[in-house]
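What follows is a set of notes on a single structure, which appears directly below.
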Amino acid sequence: MGIDALAVRLRAEMGPNQVLTDRQQLRTYECDGLAHYRVIPALVALPHTAAEVAAVVRACAGAGVPFVARGSGTGLSGGALPHAEGVLIVTSQLREILSLRPEDERAVVQPGVINLQVSTVSKEHGYYYAPDPSSQQICSIGGNVAENAGGAHCLKYGFTTNHVTGLEVVTPDGDRVRLGGAAPDTPGYDLLGAFVGSEGTLGVATEVTVRLTRLPETVRTLLAAFHGTDQAGAATSAIIAAGVVPAAIEMMDALSIEAAEAAVHCGYPAGAGAVLIVELDGPSAEVAAQFDEVTRLCDANGAFETRVAADDDERQLIWRGRKSAFAAVGRISPDYIVQDGVIPRTALPEVLRRIDEVASSHGVRVANVFHAGDGNLHPLVLFDARVPGEEGRAETVSGAIIDLCIEYGGSITGEHGVGVEKAHYMPRMFTDTDLDTMQLVRCAFDPGGLANPGKIFPTPRLCGERPGRRTGPHPLQESGVAEIF
Amino acid sequence: MSVLDDLAVKAGDDDVVCGVPARFVAAPASTEEAAALIAAARDLTVVIRGGGTKIQQGPPPRDLDLIIDTRRLAGVVEHAAGDLITVVRAGTPMAELHALPGQQLALDAPPTATAGGAVSANASGPRRLRYGTARDLLIGVTVVRPDGRIARAGGKVVKNVAGYDLGKLYTGAQGTLGLITECVFRLHPVPLDTAFVRATAPPTAVARILAAQLAPSAVEIDAGPGAPPEIAVLVEGTEEGVRDRAAALARLLDGEVTDLPPSWWDTPPWPPGGLGVKLTGVLSAVPALVKAVIAAGGTIRGSAATGVLHAGFPSGAPAGIPGVVGALRAAATRAEGHAVVLTAPDGTLDGLDMWGPVPGLELMRRVKDQFDPDHRFAPGRFVGGI
């Protein structure tokens, strides 16, 4: 069945307005948050129910047509980049909170529900949803599940995978299957754990049971200004070494502070070469004792000014600079690449120096803004696409940063995902057997390879092959169908 | 001479898994040796054994040629204190992990259990309320697949979303997908101070504790026929913080603050040879689970603030066991959870479904078929006969 026949079938099953084939309409969906990759899908499906998602996937499976699921489209690694001959399944119409159960510390939501909305509705009951990606005002829970989204508060509270207890997924065959549940420790393989963060390659989540977290009694936020990132890094290490696990420790360097000031006038201390934002939360007595310790450690490691947010407004102001940093960079550079690598926390000072060396030697600037507590770097590599050669140099620097992360025993992605952008880096971090072992899972879920093909893994694979036992070029490569990155 | 000839020795009288004697035992000392062993043992059925603390849990293997003993595969490879991580070989006793200087693997498991065994069983205890289970603390894993190939997933950093999280898949897989040889764990600082608050109170009081924003590390209950139910709460943190919070909890529960936990803390509620069942449910259903166990004549104990509990019944009356398990399973289903039989008196396992119904079983079978197409690893010991 071709796309035209598929469109006819889906229109009959769902209704004419839920199936887009007009090229102008399709263009709306040609990219996600990683806008320099663009592919126009062959068809966009806009299901309103889980049953409709299953119907679309079943139709794709029957026709041998690839499909890609997309939530709000805020992903930063091209995980929801459409397939040119495939169907894009947009889940943003599935946006109901199906049940809110503070007595069980659970909420059951549809995948299109916006992350922040879960916290907003839980707040009056004394709860919130802990994973808070910077895009939490617009990103969807389904997308969070696909990417195992993190955020500033992961250090203490963990990631999406630690806060999802149950899923209903549509498998690539079109079956609706429950994984996990409302109660913990469902017997059997932790397929839920394998599904979260699989970037849409194992199916589509249609219902998500999340764990709600008790709102802390107290939140206290400190801004500490240092002359440079070395001192801020040393303060971070000292805080961790003292046995304090803050809710968040964020760092910004001089260039990212400059950008944030230009954009949102956050009023960070003048002359700061680096700022740390340290947030503690929990019972008042605990936070009070630890806050004094954190302040002392910042002072002892060279903070020349510390500010404590007196109220929620001041707290928001401190965070505004950090949360707007990516967008703010647009004020000081026409173009930029957001990188997302991870290093062991103790390597921070050394890696920052080496990033600086790499950037200088290629004549580009890098603004550093990152989750210092867990070593998740977000270097913003600045360039001007109008200057010939500059984009290429920026890409070189961006790649070199990822190589540094691998060299220091870290990861090529901390929260944005591999997507289409980093698939070719996977063999630098993992061996062939490591990747083949992941393919065993893929083949169990998706023997036809129709779910979000071309993402995560560097080369096309067929489930008929025995992983790791192939020698010589891949058959698809040999026949000229596919290319090895 | 193959590695198999080198390493495998004839099994002894103790090399028995749930009544099924093994033919051979082999104890590799490195990942590479384990890989060579498993590659050479392609025609053999295998059960993996660590400290043996949970080896008797689960149905007996359908067949057993070789026990792979991990206890020579031991030792802390790396403890990066500044990064709050440790890399350990799978056979490392938990006692070594409990003794890391200044830091802890916050996983409740017996000192003689091994790290790999704790992961394979997805161990947890009272402190899971604060720190999670093995699945939350494992950030990297090295495994030998049933085909003898070595694979790694995850890494040495907490924040990492590169590729599938295979560590999750191996956690709780009970050795059915291959051998874990090395684990990377996230560590936590050892708290500066701890205190316990004990009270005689019904399980319904747990909701009040959770509503009080006192951030306990564990909330355990113990209830049985003929004795008043008890609650014990662990608080951890700074000296001032612990003092204030313990006092507030003692007022809330009309209880007392103590330095030590009650004698029943983190111990199973079943006697040797008795019936032991793990019960899970949503939080609001915990009182109903307690009631169901007591009505059936058992003792219930466990992590009331997470909904993970254990029921124990004395040995004897094996004829009534299917009825008891059925009643508990029905209660767990009403609680949206599960009832898994962990141990049962000798001679009562025939026909008893220890795992109970599981969602996604068909997908699980497909995963097993991919990893272990000949079904050689722990055959028959996992859900649905996997």
Side-chain angles (χ1 to χ4, degrees), chain A residues 103-105 147-148 150 154 158 161-162 177-179 181-191 193-194 197-198 214 217 237 240-241 243 282-283 285-286 289-290 342 344-346 374-376 409-415 417-418 426 429-430 433-434 437-438 440-441 443-445 456 468, chain B residues 80 82-84 122 132 135-136 145 149-153 155-166 168-169 171-173 189 192 210-211 213-215 237-238 240-241 244-245 280-284 306-308 335-338 340 355-356 358-361 363-364 366-367 370-371 383:
Chain A
E103 70 282 7
D104 292 327
E105 300 187 342
E147 301 296 323
N148 190 14
C154 293
T161 191
N162 306 110
V177 177
R178 290 202 171 269
L179 307 177
D185 290 12
T186 303
Y189 294 129
D190 187 2
L191 300 185
S198 62
R214 190 82 179 92
E217 189 179 20
S237 295
I240 300 292
E286 207 61 57
Q290 292 198 332
V342 192
R345 180 191 305 112
T346 47
D374 45 32
N376 185 193
S411 174
I412 61 173
T413 170
E415 57 184 359
V418 177
M426 287 289 276
M429 187 166 163
F430 295 109
T433 309
D434 300 342
T437 309
M438 293 178 196
L440 295 176
V441 181
C443 293
F445 276 79
I456 304 181
Chain B
D83 296 317
L84 284 171
N122 192 17
R135 100 187 265 281
D136 302 298
R145 296 182 347 197
R149 300 179 72 100
I150 301 167
R152 292 182 175 81
K156 286 166 33 172
V157 284
V158 171
K159 211 167 179 185
N160 180 9
V161 292
Y164 295 161
D165 193 349
L166 295 178
K168 297 271 188 293
L169 198 59
T171 305
L192 299 171
L210 292 176
Q213 290 182 315
L214 293 167
T238 61
E240 305 92 310
D244 276 27
R245 290 149 62 207
T280 58
V282 295
L283 294 183
S284 61
T306 65
V308 178
E336 300 177 58
H338 296 267
V340 174
W355 293 99
V358 179
L361 186 59
L363 273 175
M364 292 177 195
R366 280 152 61 173
V367 168
Q370 287 288 331
F371 279 79
V383 296

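Within every chain, numbering begins at 1; the chains are lettered A, B, ... in the order of the sequence lines, protein sequences first and strands thereafter.
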For chain A, find which of B:Asp244, B:Thr238, B:Thr280 contributes the most heavy-atom pairs closer than 4.5 angstrom. B:Thr238

Less than 4.5 Å to any heavy atom of chain B: does that hold for the side chain of A:Val441, its backbone, both, or neither? both

Would you check, one step at a time, whether the test side-chain contact (heavy atoms from CB on, under 4.5 Å) holds for B:Leu169 with A:Leu191? CA-CA 7 Å; B:Leu169 198 59; A:Leu191 300 185; 3.9 Å; yes

Any side-chain heavy atom of B:Pro359 within less than 4.5 Å of one from A:Thr186? yes

Heavy-atom distance under 4.5 Å to chain B: side chain of A:Arg178, backbone, both or neither? both

Using heavy-atom distances under 4.5 Å, tell me whether A:Ala182 contacts chain B through its side chain, its backbone, both, or neither. both

Distance check, rounded to the nearest 0.5 Å: A:Thr437 atom OG1 versus B:Arg149 atom CZ? 8.0 Å

Measuring heavy-atom distances to chain B, does A:Met438 have an atom under 4.5 Å in its side chain, in its backbone, in both, or in neither? both

Within the 4.5 Å heavy-atom criterion, are B:Leu363 and A:Tyr189 side-chain neighbours or not? no

Which portion of A:Phe445 sits near chain B, non-hydrogen atoms under 4.5 angstrom: both

Contact origin within A:Ser198 toward chain B - heavy atom pairs under 4.5 Å: both

Shortest non-hydrogen contact from B:Gly241 to A:Glu286? CA-OE1, 3.3 Å

